[in-house]
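Working notes, beginning with the structure itself.
FYI, side chains are in, hydrogens and waters are out, and symmetry mates aren't considered; it's all heavy atoms of this structure. Naming convention: chains lettered A, B, ... in sequence-line order (proteins, then strands); numbering from 1 in each chain.
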Protein chains: 2
Amino acid sequence: MSLIVQKFGGSSVSDAEGVKRVAQRVVDTKNQGNDVVVVVSAMGDTTDDLLDLAQQVTTKSGPSRELDMLLTAGERISMAVLAMAIHELGAPAQSFTGSQAGMITDGVHGAARLVEVRPDRIRDSLENGNIAIVAGFQGMNRQTRDITTLGRGGSDTTAVALASALDADYCEIYSDVDGVFTADPRIVSAAHKLNEVSSEEMLEMAANGAKILHLRCVEYARRFKIKLHVRSSFSDLEGTWVIPTESDGDAPDLTKEIPLEQPLISGVAHDRTQAKVTIVDVPDVPGYASKIFGSLNDAKINLDMIVQNVSTRSESRTDISFTLPQDQGDAAIEVLKGVQAEIGFADIEYNDAIGKLSLVGAGMKSNPGVSFHFFDALSSAGVNIDMISTSEIRISVITRADLLDAAVRAVHTAFDLDAEGEATVYGGTGR
Amino acid sequence: MSLIVQKFGGSSVSDAEGVKRVAQRVVDTKNQGNDVVVVVSAMGDTTDDLLDLAQQVTTKSGPSRELDMLLTAGERISMAVLAMAIHELGAPAQSFTGSQAGMITDGVHGAARLVEVRPDRIRDSLENGNIAIVAGFQGMNRQTRDITTLGRGGSDTTAVALASALDADYCEIYSDVDGVFTADPRIVSAAHKLNEVSSEEMLEMAANGAKILHLRCVEYARRFKIKLHVRSSFSDLEGTWVIPTESDGDAPDLTKEIPLEQPLISGVAHDRTQAKVTIVDVPDVPGYASKIFGSLNDAKINLDMIVQNVSTRSESRTDISFTLPQDQGDAAIEVLKGVQAEIGFADIEYNDAIGKLSLVGAGMKSNPGVSFHFFDALSSAGVNIDMISTSEIRISVITRADLLDAAVRAVHTAFDLDAEGEATVYGGTGR
């Protein structure tokens with residue numbers, strides 16, 4: 001008998017029909033002789049509706065403790081309704097809030113981190129023959145016993161954390177997409193589904209804009225060696241298995257040959273949510289970088305790519321560029337203006353009409369031809385490159401936003417990722 | 001400095017505007033130098049919407065544990081939004097679920113009884129200068145730690161129980177009605193608001209169909225000597241004070257004169273939700289009554305008035321009539337059919353086209369003229385009486401449903417309760 005954790009996003013439970021379809025799948029899994037723990041997000045538009053309601057009574061951002069209290073009503077509704085739908089099919093089910101399921105967090109409302117998972121009540125419920133349903137995205141602050149939410153990707157994280165704490169055989173992440181694709185099928189019609197990907201590659205893809213799994217969930221799965229099965233709740237097709245790599249954290253073993261069935265390249269990820277900031281004409285004296293990045297860090301601004309060029313204007317001066325989420329752009333500029341006089345740079349340029357494209361693949365690190373082939377493809381497609389950043393298994397570039405789709409298609413074709421026929425695409429993703 | 005508990009029903013927080021209006025009132029109360037605990041029901045139609053959703057996934061009644069989990073999302077939403085609206089006005093507020101507020105119950109999902117109230121977190125929150133907001137209607141089963149709901153009148157009960165546990169100065173029950181009226185203003189346009197009523201009289205009025213306060217809340221307030229102030233959240237008018245009587249549970253002190261300001265009669269209550277069952281031609285032998293009422297009791301059927309007449313057909317036989325809630329009619333008839341052969345009665349008659357009218361007043365018990373005057377008024381209005389039942393401070397009669405309004409008006413006028421001008425009427429009441 002296996003213990004399986006199944007996570008269903010908001011698009012899988014967007015209405016009563018969706019809840020019933022999920023209930024049937026859960027009961028089928030149970031009837032195949034498995035213990036099943038289900039993690040569920042809020043139904044469809046519930047979260048947006050609750051946020052709308054909050055905005056009707058408050059002009060400021062509102063107290064974050066209360067916003068968490070409000071939003072957690074969303075999973076409370078979906079989990080209770082799912083439990084009812086499962087009962088309707090003749091199987092016993094019990095729903096549990098994050099707090100009841102022992103999801104203990106720190107006190108950062110809206111973006112709490114799990115500090116411990118104590119699923120005693122879930123274990124008891126399973127032992128009593130129930131299907132246990134757990135509210136995703138939520139937890140409880142150990143110190144104050146206040147309700148918290150885990151922020152973006154929270155429900156995926158709940159599922160992986162529970163899978164780890166319960167020593168589950170694997171964790172299935174259901175959404176409205178069939179699995180992990182070599183590129184976004186909405187942009188590249190010839191994109192195809194990967195049957196298997198390493199958690200390391202998945203990490204790079206998630207970090208670079210592939211939205212199917214949240215970075216944090218992949219990090220958690222990789223760290224705790226949880227096998228993920230990413231699949232669609234709208235079909236019975238096998239999805240993509242994300243397999244924890246053996247040598248996590250260690251240097252890659254370059255003496256080992258890449259297995260034949262291992263593709264050189266896993267896929268092309270892209271991201272439209274970033275903006276680029278360039279700090280112009282920074283005096284090239286010791287300590288300026290720590291001042292700039294220290295002050296941005298104090299303001300909790302998440303930088304992604306950072307590049308430094310020699311200034312075109314002066315040899316003793318330099319330009320520094322970095323990317324960051326667009327919604328943090330204003331905050332970053334404010335921080336930088338605050339230190340402009342002290343550091344003595346000339347100007348701040350801001351551009352959010354950019355796109356980021358990343359090529360990911362474990363085979364890349366041992367094949368020096370990949371970079372050439374990659375830049376050649378972009379050049380042939382007429383795509384200028386703004387910034388470049390690389391890791392062992394990834395190359396990322398920043399392009400103009402309006403050229404991003406063409407760039408993704410060019411790279412996908414250049415690396416022979418195009419499949420026969422077209423991929424199936426559904427809309428939206430849950431939290 | 002006073003500690004005041006304020007309870008707002010669903011009609012007071014039916015939308016964002018309502019929430020803001022309530023927030024302003026709460027902050028005003030706080031700014032007058034009071035500690036304030038707010039108990040809030042689910043917003044407007046939330047509960048009905050959630051029930052609709054449940055019915056879309058389940059054909060049966062569904063597991064009651066999960067239904068409670070679902071419904072409690074309603075107050076979670078309203079209390080968090082209210083806390084935000086209060087913050088917006090510059091006052092600190094924290095919301096608490098029933099479980100967090102220490103509302104400990106038994107395990108009867110959907111109709112749980114409070115077994116203990118431990119509002120430690122509410123006290124702490126008040127001490128830290130907050131307005132504490134508590135979800136009405138909900139609690140936690142001490143044994144299983146499952147979430148429960150208190151059933152009908154639950155939010156009122158939460159408020160009174162908290163007022164008692166926190167030793168509050170008084171408890172304000174806000175709705176869309178200005179207070180307790182001498183009769184339903186929708187039927188009797190000349191009905192007027194009472195400034196004060198004893199909890200004993202309020203108990204009789206609530207038990208006999210006055211819907212402004214739930215019986216259970218009045219019982220609780222009377223037992224724990226909590227002063228209630230029943231008023232409208234749509235105006236600043238004083239409402240009706242419900243004052244705990246001194247001699248609770250003891251026999252009324254008939255030597256004491258009724259104070260001059262104490263009206264002979266408090267008001268006229270009515271109820272359209274009852275049905276009448278008559279068991280025809282019951283053999284008049286010992287033990288038949290215990291068999292009949294024992295079996296009805298086993299089936300958890302709530303009987304109200306019970307009357308026994310001599311049968312018109314035989315001297316050794318009798319007819320027994322009782323009233324009960326209409327929605328328990330089918331169940332009662334089934335129970336009675338099950339014992340018909342054993343007891344040997346002839347037939348069961350069922351009638352739900354009935355109305356119940358009650359005249360309530362503490363002055364009644366020492367004034368033998370009241371009954372005569374009451375029946376005379378009904379007779380003059382052409383209203384036939386089906387059943388009669390009386391208590392120390394109440395006379396109730398069953399009439400034909402279509403004559404109930406006329407009967408209420410006739411009695412209201414006969415006892416000089418008619419006010420100058422017309423009463424203001426609003427729609428609906430919360431839970």
Is any side-chain heavy atom of B:H87 less than 4.5 Å from a side-chain heavy atom of A:T58?
no

Per-residue contact mode, A:A93 against chain B (heavy atom under 4.5 angstrom)
backbone

Are the side chains of B:E88 and A:T59 in touch, meaning some heavy atoms are under 4.5 Å apart?
yes

Between B:R65 and A:S95 the two heavy atoms that sit nearest each other are NH1-O, 2.9 Å

Is chain A contacted by the side chain of B:L50, its backbone, both, or neither, given a heavy-atom distance below 4.5 Å?
side chain

Ignoring hydrogens, what is the shortest heavy-atom contact between B:V57 and A:K20? Give both atom names and the distance.
CA-CE, 3.8 Å

Let's test your reading of the structure: which of B:A85, B:P63, B:A16 forms the most heavy-atom pairs below 4.5 Å with chain A?
B:P63

Pair B:Q56, A:D15 - check side chain to side chain contact (heavy atoms under 4.5 Å, CB included), show working.
CA-CA 9 Å; B:Q56 287 174 46; A:D15 55 15; 6.0 Å; no

Side-chain heavy-atom pair B:M69, A:Q100 within 4.5 angstrom cut-off
yes

Are any non-hydrogen side-chain atoms of A:R76 and B:T72 less than 4.5 angstrom apart?
yes

With a strict 4.5 Å heavy-atom criterion, list every residue of residues 114-130 of chain A that contacts chain B, or say none.
A:R121

Identify which part of A:I77 has an atom lying under 4.5 Å from any heavy atom of chain B, answering side chain, backbone, both or neither.
both

Chain A contacts, top residue of B:L82, B:I147, B:V19 (heavy-atom pairs, under 4.5 Å)
B:I147

Are the side chains of B:I133 and A:E66 in contact, using a 4.5 Å heavy-atom criterion?
no

Let me know if B:L67 has heavy atoms under 4.5 Å from chain A in its side chain, its backbone, both or neither.
both

Which bit of A:T46 comes within less than 4.5 Å of chain B, counting heavy atoms only: side chain, backbone, both or neither?
neither

